[in-house]
Amino acid sequence: MAEIIDGKQVAESVVATVADATRGLAGKGVQPGLAVVIVGEDPASQVYVASKSKKAKECGFHSVQHTLPADTSQPDLVALIETLNADPAIHGILVQLPLPDHIDAGAIIQTIDPEKDVDGFTFVNVGRLGTGEVDTAFVPCTPAGSMLLIERVRGSDLSGLNAVVVGRSNIVGKPMANLLLAANCTVTVAHSRTKDLPALCRTADIVVAAVGRPEMVKGDWIKEGATVIDVGINRIPAPEKGEGKTRLVGDVAFAEAAEKAGAITPVPGGVGPMTIALLMANTLVSACRVAGVTPPRF
Ligand code: GUN
């Protein structure tokens with residue numbers, strides 16, 4: 001039976017390190033500042049944004065949230081981001097995705113100052129990560145958090161291990177592949193057109209599932225002893241809990257995969273808590289750079 005990787009516990013230790021370093025920065029007259037921008041009323045986004053703002057306060061940050069109406073124009077959103085770019089009290093800017101259809105999300109992201117781009121979505125940060133400049137890049141929070149969990153199990157040098165990343169999104173799959181490559185893994189990125197995905201996954205010492213399909217990765221796809229990181233968060237009907245009830249599952253069929261894996265993340269309680277923790281870490285790192293202080297290592 002696999003080790004169940006406790007993402008909640010690792011996330012708490014990251015947040016404790018951030019809070020500690022924030023107290024240290026106060027002595028230099030710097031308080032990390034995080035601005036979170038949400039446009040419209042998507043209920044899931046509202047929940048995420050509220051928890052990001054709450055965690056920022058827990059860390060001792062200056063935390064601001066801008067909630068804009070769904071019909072906000074693109075120029076008005078750009079104007080807000082430019083104000084935040086110029087505000088010395090703000091070290092991190094996060095524009096919650098998705099944005100309403102009339103706004104070009106790609107263009108909006110590129111207006112964020114790369115030195116405040118704590119999501120790691122601007123071309124500058126994507127380029128830094130892609131060229132292996134992992135120490136200067138802001139790395140997107142979900143893959144950065146997933147990588148910390150992998151390192152807890154496998155150590156920081158993953159030389160020669162085969163890693164399969166299932167999913168090629170800009171937010172998770174591609175940056176995850178680059179992080180694993182920077183750690184000396186042999187990386188394959190699989191996607192909807194990949195042939196014989198089960199056979200490919202069986203070659204993997206590390207499987208990262210980030211496709212958004214409930215329980216797609218089966219137990220017999222997993223090599224004995226592999227590390228399995230499940231990024232998926234899918235809500236599915238749970239009639240066994242009663243009429244109209246639902247439950248959360250990942251992209252991995254957890255019970256059967258846990259029979260084969262050496263270590264596996266649960267859903268919930270695996271990667272999920274890490275995402276917010278790494279947003280706090282990125283914001284702290286940004287503030288440390290401004291203050292000329294060496295940030296802690298996570
Ligand atoms: N929406 C879902 N995940 C994310 C994320 O990591 N960052 C932002 N900005 N929006 C998201």
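Whatever order the structure lists ligands and atoms in, that order sets their numbers, starting from 1.
The number of heavy atoms from other shown groups lying within 6.0 Å of NZ (Lys218) is above 12. The number of heavy atoms from other shown groups lying within 6.0 Å of CD (Gln46) is above 12. Heavy atoms from other residues, nucleotides or ligands lying under 6.0 Å from CZ of Arg235 number more than 12. Shown here is Glu41, whose CD atom has no more than 12 heavy atoms of other residues, nucleotides or ligands within 6.0 Å.
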Could you go through ligand 1 and note, for every N or O atom, any protein N or O atom closer than 3.5 angstrom, writing the atom names and distance to 0.1 Å, or 'none'?
unit_1, atom_1, unit_2, atom_2, d
ligand 1, 1 (N), Gln96, NE2, 3.2
ligand 1, 1 (N), Leu97, O, 2.9
ligand 1, 7 (N), Asp119, OD1, 3.1
ligand 1, 7 (N), Asp119, OD2, 3.3
ligand 1, 9 (N), Val95, O, 2.8
ligand 1, 9 (N), Asp119, OD2, 2.6
ligand 1, 10 (N), Leu97, N, 3.0

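His102 places none of its side-chain heavy atoms less than 4.5 Å from the side chain of Gln74.
Relative to the ring axis of Phe61, Arg23 does not place its NZ or CZ within 45° and under 6.0 Å from the centre.
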